[in-house]
Amino acid sequence: MIRFEEVTKVYRGTARPALNGVSLEILSGEFVFLVGASGSGKSTFLRLVLKEEKPTSGSIHVLGQDLGAISSRKVPYFRRNLGVVFQDFRLLPNKTVFANVAFTLQVIGKSKGFIHEAVPDALRTVGLEGKEGRFPHELSGGEQQRVAIARALVNKPAIMLADEPTGNLDPATSAGIMTLLERINANGTTVIMATHDAGIVDRLQRRVIEVIGGRIVRDERGGGYQTQA
Ligand code: ADP
Ligand code: ADP
């Protein structure tokens, strides 16, 4: 589903690679935590999967496609297979919940009929039925993140990428978001989540990939946040 072969990323104007010789494979249906200190390269990994950045060397395959062979014209089509969620939600502040979730579908030209089925469906999945007409500022942080997850889900993506999705939420709210991501994963979506939250990683016991200074130092099935001594 995702394959990195000897991927190195050096940002323009920097000396030290943000990712350094990373090779890994993530299979369909996996739930993977990416852990590591701030600046270790987690977001860079996610941006490379999205083809928002290109590797300095090495090759990346996602969903059977060589990202190096996808023309910039085709990138938007490729990205329809990927749902993305961020720490800061990134909702459109002057649009309703419904319109936030509908927005990408409108951009890609889906019919009104399709949108009026798919949006309520996604909002039901995240437990926000009845909040269609609210604006983001009228919602709690946890509810805003659920809107962002609904927006990521509405295209039925094969892969969901989450960059510190619980970073702005209290522990109880975070637990609810994790239950939701686990359910999405159980329904077949591959989930890759970058996080600093040791409590969550220790509780879920999923695959853990630990990055330090751009290198993978641990790739463990059913692992915790830190290496067990
Ligand atoms: P993490 O997500 O683990 O915090 P990042 O992938 O954001 O790590 O960053 C990895 C390294 O790359 C850091 O040293 C960071 O400063 C650097 N970096 C990230 N984005 C850029 C950029 N656009 N330009 C230059 N350096 C960057
Ligand atoms: P526009 O992009 O034209 O400004 P909006 O972004 O406000 O329109 O809304 C996008 C779509 O979502 C429209 O089809 C609108 O009818 C629909 N919509 C907005 N809010 C709701 C709601 N609470 N319930 C159902 N449909 C809604």
Side-chain angles (χ1 to χ4, degrees), residues 1-26 30-62 67-68 70 72 75-76 78-79 82-91 141 144-145 148-149 151-152 157 159-171 174 177-178 181 185 189-204 206-221 223-227:
M1 174 132 300
I2 295 177
R3 194 166 79 241
F4 276 49
E5 287 168 86
E6 285 298 317
V7 171
T8 293
K9 173 66 185 177
V10 184
Y11 287 102
R12 194 193 305 271
T14 67
R16 211 174 48 85
L19 278 186
N20 196 344
V22 166
S23 298
L24 62 74
E25 190 158 14
I26 294 171
E30 283 198 274
F31 192 121
V32 179
F33 286 119
L34 270 183
V35 306
S38 185
S40 56
K42 304 181 299 295
S43 301
T44 297
F45 177 86
L46 298 177
R47 287 202 292 270
L48 286 165
V49 172
L50 283 161
K51 202 172 156 70
E52 286 179 2
E53 294 285 349
K54 70 168 199 254
T56 308
S57 61
S59 77
I60 303 173
H61 285 76
V62 177
L67 296 198
I70 300 179
S72 38
V75 168
F78 161 71
R79 291 209 185 114
L82 308 174
V84 195
V85 180
F86 303 95
Q87 175 169 358
D88 56 2
F89 320 136
R90 302 198 188 174
L91 301 175
Q144 290 184 52
Q145 192 60 292
I149 292 171
R151 177 181 59 186
I159 303 171
M160 172 95 101
L161 304 174
D163 198 349
E164 303 271 359
T166 62
N168 282 346
L169 305 175
D170 63 62
S174 296
I177 294 294
M178 293 316 300
L181 290 178
N185 175 246
T189 304
T190 304
V191 177
I192 304 170
M193 170 171 160
T195 186
H196 279 120
D197 192 323
I200 287 173
V201 177
D202 288 343
R203 191 158 46 77
L204 267 64
R206 300 300 190 119
R207 180 175 175 188
V208 177
I209 297 174
E210 181 176 354
V211 194
I212 298 180
R215 289 185 184 277
I216 294 179
V217 298
R218 176 167 62 112
D219 185 348
E220 188 179 14
R221 265 164 219 287
Y225 189 75
Q226 282 176 318
T227 311

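We number each residue from 1, following the sequence as shown. Note that the structure is predicted; figures quoted are calculated from it, not measured. When a ligand or atom number is given, it counts from 1 through the structure's own listing order.
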Which residue holds the protein heavy atom closest to [atom], what is that atom called, and what is the gap in Å?
{"atom": "atom 13 (C) of ligand 1", "result": "G39 O, 3.6 Å"}
{"atom": "atom 7 (O) of ligand 1", "result": "S43 CB, 3.7 Å"}
{"atom": "atom 20 (N) of ligand 1", "result": "R47 NH2, 3.2 Å"}
{"atom": "atom 6 (O) of ligand 1", "result": "T44 OG1, 2.6 Å"}
{"atom": "atom 25 (C) of ligand 1", "result": "Y11 CB, 3.3 Å"}

Tell me whether ligand 1 is touched by [X] - counting only heavy atoms on the residue side and a distance under 4.0 Å.
{"X": "K9", "answer": "no"}
{"X": "R16", "answer": "yes"}
{"X": "G41", "answer": "yes"}

May I have the step-by-step check of side-chain contact (heavy atoms from CB on, under 4.5 Å) for E164 and K42, ending in yes or no?
CA-CA 10 Å; E164 303 271 359; K42 304 181 299 295; 4.0 Å; yes
Is it the case that the side chains of T44 and Y11 hold a donor-acceptor pair, with the cut-off being a distance below 3.5 Å and no angle test?
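Yes, T44 and Y11 have a side-chain donor paired with an acceptor closer than 3.5 Å.
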Return a yes/no value: protein heavy atom under 4.0 Å from atom 15 (C) of ligand 1?
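Given the 4.0 Å limit, the answer for atom 15 (C) of ligand 1 is no, no protein heavy atom qualifies.
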Considering distance alone, does some N or O of T14 sit under 3.5 Å from an N or O of ligand 1?
no
Can you find an N/O atom of S40 closer than 3.5 Å to an N/O atom of ligand 1?
yes
How about CZ on R215, more than 12 heavy atoms from neighbouring residues, nucleotides or ligands closer than 6.0 Å, or not?
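Incorrect, the count does not exceed 12.
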Record the part of A37 in heavy-atom contact with ligand 1 below 4.0 Å; permitted values are side chain, backbone, both and neither.
backbone
Compare all side-chain heavy atoms of R221 with those of E30 and state whether any distance is below 4.5 angstrom.
yes
